[in-house]
2 protein chains.
Amino acid sequence: MNKIDIRYLAKELNLAISTVSRALRDSHEISPETKEKVFALAKRLNYQPNANASGLRGQKSKIIAVVIPDMVNDFFSLVISGIEKITQAQGYHFLLYFTHGDHALEVSFINTLANGRVDGVLLSITDENNNNEHLEELNRKGIPLVLFDRVSERMDNVKVTSDNYESAVTATRHLIDTGCKKIAYLKVHKSIPVGTIRESGYLEALEKYSKQPAPLILECTNDNDEAFAAIRNMLEKEKPDGIFASLEKLAVVCYRVCEQIQLKIPEDIKIISFSNLQTAALLNPSLTTITQPAFEIGETAARELLRIIRKKGGAKGDVVLKSRLIERKSTSK
Amino acid sequence: MNKIDIRYLAKELNLAISTVSRALRDSHEISPETKEKVFALAKRLNYQPNANASGLRGQKSKIIAVVIPDMVNDFFSLVISGIEKITQAQGYHFLLYFTHGDHALEVSFINTLANGRVDGVLLSITDENNNNEHLEELNRKGIPLVLFDRVSERMDNVKVTSDNYESAVTATRHLIDTGCKKIAYLKVHKSIPVGTIRESGYLEALEKYSKQPAPLILECTNDNDEAFAAIRNMLEKEKPDGIFASLEKLAVVCYRVCEQIQLKIPEDIKIISFSNLQTAALLNPSLTTITQPAFEIGETAARELLRIIRKKGGAKGDVVLKSRLIERKSTSK
DNA sequence: GTGAAAGCGCTAACAC
DNA sequence: GTGTTAGCGCTTTCAC
């Protein structure tokens, strides 16, 4: 197979390489007829410009990197889908990296990316409390960086997040408004910042809108059976009439517990949960959820990054997207 | 910021560019001391070789492309995770593309990828009945291609799939063996080949292992409420004692129907379903699932592709990975 | 064991 | 409106 490069096209058409190059980029200096001929041949031979060559020459690759912790829950899958929509629409490609919660891996990715392979980086920070030297370095090298979801206040880059605090207040208040007098908050033992922020929202709402004498916070482990036992124990002892789960998985476990100890939802106890799972509506018709705008976070972050890459100015603006409270109707109608 | 390229390193160390290059690639022609010095400086300055330059020079990019329909269900998320594990381990990167079920988009991706941007392609075909000219072209150009999950028998490339037919037989047989006399199969109306293959498995098992006089197949739409009504209607009319759902979502809807019309699972009716959802165990403690080895499919496909790229021979082998039947114990212990 | 130089495919500055 | 040419940063002959 003859390899088809710009030189081959030029020879074939009896034109100079540069003429062909210009024609392909639709330069105004080239006559319509010439362009026509070039386009036709390029199309016929399915010519594709060599990405490495134009990248090397122009110092840009039309590729961005997306670095996230992992894809074990729906949240990041949806974010990726949002990113894909924008990159695809704007003629960009993206490389995907998982840090698996390993800060050192994040550092290593970021460092090796600063080599012309990508035009910019979208990052959800693995360990928000760790140091940011690798990110500062990226900034110093002038490689655009946009942070999303898990961000660092210490970095001066554009950040795209959702309203974890406010939505936790909203969720808790929703339970209060629908009559709950004793609301429990289910959190996971692992201390990720977002869990703490949501907890503050819960506390704030109790303080402000409820007469509940004391918060009721249950720390659960990642083990389902352990969580089941802990929640059951708490429900039987404390008899809350409202549950705010910081994670969908906890809400589902809680639902099972209620089933087993014969608590009716929502008559005896109301449950509300953070969730991005698309099948949430099916899990339990009475489960109300707070849903982060995951897809929109992806779209927005990608859009911001591409804007910066293209140096289309505009105010550098952090974006906070609103979560939505979704009350489930029964699927049975 | 001074940009750090190989030339800069060379000047700094009073060496020739080629010497530095060789040292960095750990060539045996270079003296240990020189190597040491080069490594030290490279490390100190966090030197990263320019990917476009080495790509252009060596006609390889260390990037592969992954082309899938989308990520709306867990299956492809898990596949991606498997791919990531292998590429990461072997020093490769991957670009991700979604076709969103659009064959023309797949063609366009594949065509533009044949330009040196990637060293190989992992593809789950969007429309298995459509033409493969774009893939043939990829083969002609000598760009390695491995197909997974949704493959085409007409292509001669390595294929990595799972045992849809056999596992459907297994699932149906499992219901028969546990005493079901009348088993219904829930399929989605959209005719994707995999649905048809699973249906054949269901039919085969009934034929071979059951005395059930006729198959009972219910086509459901994608609308949850419609599916709910159809399943309810079927359950009330036909009173099956076993359900084989080709999709997890259908199983969950079915579970809700049972709840509403007071059918006990698994006493009155047994349900088994294809599923990749990690929270499946939580959905219903009595839901038995057939789980595709999604992660392993990703790993295997990636491993095969990288093997081909590296031209490490070995038998060209299609791989069929086994699904696992998982009986749920109650989460309550 | 090290250096000089060609060239991967493309773009753009500079001719004409 | 088109052609000539100099690199982009790297690898790899080929010299010495």
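Everything numeric here is computed off the predicted structure, so don't read it as measured data. Here is the naming used below: chain letters follow the sequence lines, and residue numbers restart at 1 for every chain.
- Here the nucleotide nearest the side chain of B:Ser21, chosen from C:dG9, D:dT4, D:dT12, is D:dT12.
- If you check distances only, the side chain of B:Ser18 does reach the base of C:dG3 with a donor-acceptor pair under 3.5 Å.
- Here the P atom of nucleotide D:dT12 and the CG atom of B:Leu24 are 13 Å apart, to the nearest Å.
- The phosphate of D:dG1 (OP1 or OP2) has no side-chain N or O of A:Thr34 nearer than 4.0 angstrom.
- Residue A:Tyr47 places at least one side-chain N or O under 4.0 Å from the OP1 or OP2 atom of C:dC10.
- A ring-centre distance under 6.0 Å is not found for B:Phe109 and B:His134.
- The interatomic distance linking A:Asn50 (CG) with C:dC10 (P) rounds to 6 Å, in whole Å.
- Protein atom CZ of B:Arg117 is 13 Å distant from nucleotide atom P of C:dC10, rounded to whole Å.
- Between B:Ser54 atom OG and A:Asn115 atom CG the span is 8.0 Å, to the nearest 0.5 Å.
- In this structure, B:Glu12 does not pair ionically with B:Arg7, as no charged nitrogen and carboxylate oxygen lie closer than 4.0 Å.
- A:His28 has its NE2 atom 9 Å from the P atom of D:dG1, to the nearest Å.
- Taking a 6.0 Å sphere around CD of A:Glu36, one finds it holds 12 or fewer heavy atoms contributed by other residues, nucleotides or ligands.
- The existence of a salt bridge linking B:Lys62 and B:Asp119 is excluded, since no basic side-chain nitrogen approaches an acidic carboxylate oxygen closer than 4.0 Å.
- Side-chain N/O atoms of B:Lys60 include none lying less than 4.0 angstrom from OP1 or OP2 on C:dC8.
- In this structure, CD1 of B:Ile6 is placed 14 Å from C1' of C:dT2, rounded to the nearest angstrom.
- Taking the side chain of B:Gln59 as heavy atoms from C-beta on, and the options C:dC8, D:dC14, D:dC10, the nearest nucleotide is C:dC8.
- Rounded to an integer number of Å, the gap from CG of A:Leu9 to P of C:dC10 is 8 Å.
- Phosphate proximity of D:dC8 to B:Arg7: present, with a side-chain N or O under 4.0 Å from OP1 or OP2.
- A salt bridge does not link A:Glu33 with A:Lys37: none of the charged nitrogens is closer than 4.0 Å to a carboxylate oxygen.
- Remark: C1' of D:dT13 and CD of B:Glu29 are 10 Å apart, rounded to the nearest angstrom.
- Side-chain proximity of A:Ser54 to D:dC10, D:dT13, C:dC10: nearest is C:dC10.
- The separation between A:Ile17 atom CD1 and D:dT2 atom C1' is 13 Å, rounded to whole Å.
- OP1 or OP2 of C:dG3 has not a single side-chain nitrogen or oxygen of B:Arg22 nearer than 4.0 Å.
- Of the two residues contacting DNA chain C, namely B:Ala16 and B:Leu56, the nearest-nucleotide position lying further toward the 5' end is that of B:Ala16.
- The side chain of B:Ser31 places no N or O atom within less than 4.0 Å of a non-bridging phosphate oxygen (OP1 or OP2) of C:dG1.
- When distances are taken from the side chain of A:Pro49 to each of C:dC10, D:dT12, D:dG3, the shortest belongs to C:dC10.
- Between A:Arg25 and C:dC10 there is no side-chain N or O to OP1 or OP2 distance below 4.0 Å.
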